[in-house]
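See structure below.
The structure presented is a predicted model; accordingly, all values stated were derived computationally and were not measured. Chain identifiers are assigned alphabetically (A, B, ...) following the order of the sequence lines, protein sequences preceding nucleic acid strands; residue numbering begins at 1 within each chain.
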There are 2 protein chains.
Amino acid sequence: MNTDNSIKLINLIRQEANNFLLKELKKIGLENIAPSHGDIFFVLFKNNELTMTEIANKINRDRSTVTTLVRKLMKLGYLDEKENPEDRRSSIIFLTKKGQGLKDDFDRISKKLYQMEYQGIKEEEKELFLKLLNKIYSNFK
Amino acid sequence: MNTDNSIKLINLIRQEANNFLLKELKKIGLENIAPSHGDIFFVLFKNNELTMTEIANKINRDRSTVTTLVRKLMKLGYLDEKENPEDRRSSIIFLTKKGQGLKDDFDRISKKLYQMEYQGIKEEEKELFLKLLNKIYSNFK
DNA sequence: ATATAATACTTGGATATCAAATTAAATATT
DNA sequence: AATATTTAATTTGATATCCAAGTATTATAT
């Protein structure tokens, strides 16, 4: 066999993980939301303040995409922006109180996701799996 | 550590694999094409004739999505349809000569993709990797 | 000091995608 | 046989996404 179905499986796993996350986000009141919105929360929990371009780089999306994603989260009251004193072309995006309030939920959901993912998989298998994912990713870059 | 970045890596690998495929498809004259279009070719190489619903199930897309994807490939001359004698609601989709002509290219590209993916990875590692992908997928379903 | 280039972001246009509604045909129920 | 339900496909409407083009600001080069 020259080929296998690993890429197909990767696509399927991604879909299932996304569906899981969307369902969990819905439970905490985040509706009509894409996984990319979730990614934005994650990078802001970690970094507090970021420009549009920084967010785009961290979540691997086009800047114009991030514009619309962030605008939506602003409209919903989870994010806000302020002037960047160092560069008037850009503004700084940050979490509002309402946005910060979701951190515990996100941590919990994230934990649940990985518990589900690795159910019945031994620690050393998991480590090899991660090693191989990293290797494969670098093979493609 | 409760969590890792495996899902993120899976997303990144998927993106890179998609980009690779889009680039390769462009080389053989298939432009403005999505990976899902490629998936349709693959299932038709394997099955010759399929209804819209059958294609949708095999490529894991909504039927309305498949409608537009197939219409596009028809307009480009790669696919055609004929009446389904068993059910007048549905029609049967099949590859034209032009579409069939892409089979060798697809096989070559597919081979190239997996060679790139598994570069520097031992056979037994690859097998465990596939086992784990299957396990993880079933964990999510 | 001024022109040019680079950067940050937005806008506009296109497509993939899905969900919900619609239409038509096949199947099941009464 | 008449009606109801299910199914196949499409249409409609919405959003995520990208790319290309545009605007404004900052950095660099002449």
Side-chain angles (χ1 to χ4, degrees), chain A residues 11-12 14-23 25-26 30-41 49-76 79-94, chain B residues 11-12 14-23 25-26 30-41 49-76 79-94:
Chain A
N11 269 289
L12 291 172
R14 174 186 162 272
Q15 262 183 1
E16 295 295 333
N18 279 351
N19 287 341
F20 169 82
L21 289 173
L22 294 183
K23 227 174 49 188
L25 292 178
K26 199 170 181 177
L30 273 167
E31 223 152 334
N32 302 321
I33 275 290
S36 291
H37 291 115
D39 293 342
I40 291 177
F41 279 108
E49 300 190 336
L50 293 170
T51 66
M52 290 284 195
T53 299
E54 286 168 340
I55 293 174
N57 291 336
K58 283 177 189 296
I59 72 168
N60 294 286
R61 290 284 161 266
D62 194 90
R63 282 179 305 186
S64 62
T65 303
V66 172
T67 295
T68 53
L69 294 170
V70 166
R71 295 275 164 246
K72 177 167 185 174
L73 292 180
M74 280 180 181
K75 194 171 289 181
L76 294 171
L79 305 184
D80 203 354
E81 65 182 332
K82 62 184 178 188
E83 268 188 14
N84 184 351
E86 285 163 14
D87 189 336
R88 289 208 325 263
R89 289 170 300 181
S90 74
S91 57
I92 291 180
I93 312 299
F94 60 96
Chain B
N11 269 289
L12 290 171
R14 175 185 161 272
Q15 259 183 1
E16 294 295 333
N18 278 352
N19 287 342
F20 169 83
L21 289 172
L22 293 183
K23 227 174 49 189
L25 292 177
K26 198 170 182 177
L30 274 168
E31 222 151 336
N32 301 322
I33 274 290
S36 290
H37 291 114
D39 292 342
I40 291 177
F41 279 108
E49 301 189 336
L50 293 170
T51 66
M52 290 285 194
T53 299
E54 286 168 340
I55 294 173
N57 291 335
K58 283 177 190 296
I59 72 168
N60 295 286
R61 290 283 160 269
D62 193 270
R63 282 178 306 187
S64 62
T65 303
V66 172
T67 296
T68 53
L69 295 170
V70 166
R71 294 277 163 244
K72 177 166 184 175
L73 293 179
M74 280 180 180
K75 194 171 287 180
L76 294 171
L79 304 184
D80 203 353
E81 65 183 333
K82 62 184 180 189
E83 268 188 15
N84 184 352
E86 286 163 13
D87 190 335
R88 291 208 326 264
R89 288 170 303 180
S90 75
S91 58
I92 290 179
I93 313 297
F94 59 96

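Side-chain proximity of B:Thr67 to the nucleotides D:dC18, D:dT11, D:dA8 is greatest for D:dT11. The side chain of A:Lys72 sits closest to D:dA16 out of D:dT17, D:dA16, C:dA26. Looking at the side chain of B:Asp87, the nearest of the listed nucleotides D:dT25, C:dA25, C:dT17 is C:dA25. With D:dA8, C:dA8, C:dT11 as the candidates, the nucleotide lying closest to the side chain of A:Ser64 is C:dT11.
The nearest whole Å value for the distance from the CD atom in A:Glu86 to the C1' atom in C:dA8 is 14 Å. Between the C1' atom of D:dA21 and the CG atom of A:Asp62 lies a distance of 13 Å, rounded to the nearest Å. Protein atom CG of A:Asn11 is 10 Å distant from nucleotide atom P of C:dT17, rounded to whole Å. The CG atom of A:Leu76 sits 11 Å away from the P atom of D:dT15 (whole-angstrom rounding). If you take CG of A:Asn84 and P of D:dA24, they are 19 Å apart, rounded to a whole angstrom. Atom C1' of nucleotide D:dA16 and atom CZ of A:Arg63 are separated by 18 Å, given to the nearest angstrom. One atom, CG of A:Leu22, and another, P of C:dA19, lie 10 Å apart when rounded to the nearest Å. In this structure, B:Ile92 places its CD1 atom 13 Å from C1' of D:dA8, rounding to the nearest Å.
Side-chain atoms of B:Ile55 and B:Asp39, non-hydrogen and from C-beta on, never get closer than 4.5 Å to each other. Between B:Met52 and B:Val70, the closest side-chain pair of non-hydrogen atoms falls below 4.5 Å.
In this structure B:Gln15 satisfies the side-chain hydrogen bond (donor to acceptor under 3.5 Å, both in side chains) test with no other residue, sequence neighbours excluded. Legend: residues meeting salt bridge (Lys or Arg N to Asp or Glu O under 4.0 Å) with A:Arg88, ordered by chain and number and at least two apart, are absent.
B:Ser91 comes within 4.0 angstrom of the backbone, heavy atoms only, and of no base. Contact annotation for A:Ser90: backbone-only contact, meaning every heavy-atom pair under 4.0 Å involves sugar-phosphate atoms and none involves a base.
Close to D:dC18, at under 4.0 Å from its OP1 or OP2, lies a side-chain N or O of A:Arg61. Distances shown here put a side-chain N or O of B:Thr53 below 4.0 Å from the OP1 or OP2 atom of D:dA9. Contact between the side-chain N/O atoms of A:Arg89 and the OP1/OP2 oxygens of D:dA24 is not found at any separation under 4.0 Å.
In summary, of the residues considered (B:Leu69, B:Leu50, B:Ile93), a side-chain contact (heavy atoms from CB on, under 4.5 Å) with B:Ile40 occurs for B:Leu69 alone.
Distance alone, capped at 3.5 Å, is enough to place a donor-acceptor pair between the B:Lys72 side chain and the B:Asn32 backbone.
The stretch residues 31-41 of chain A touches DNA chain D through A:Ala34, A:Ser36, A:His37, each having a heavy atom under 4.0 angstrom from the strand.
In B:Lys58, the NZ atom is not crowded: 12 or fewer heavy atoms of neighbouring residues, nucleotides or ligands sit closer than 6.0 Å.
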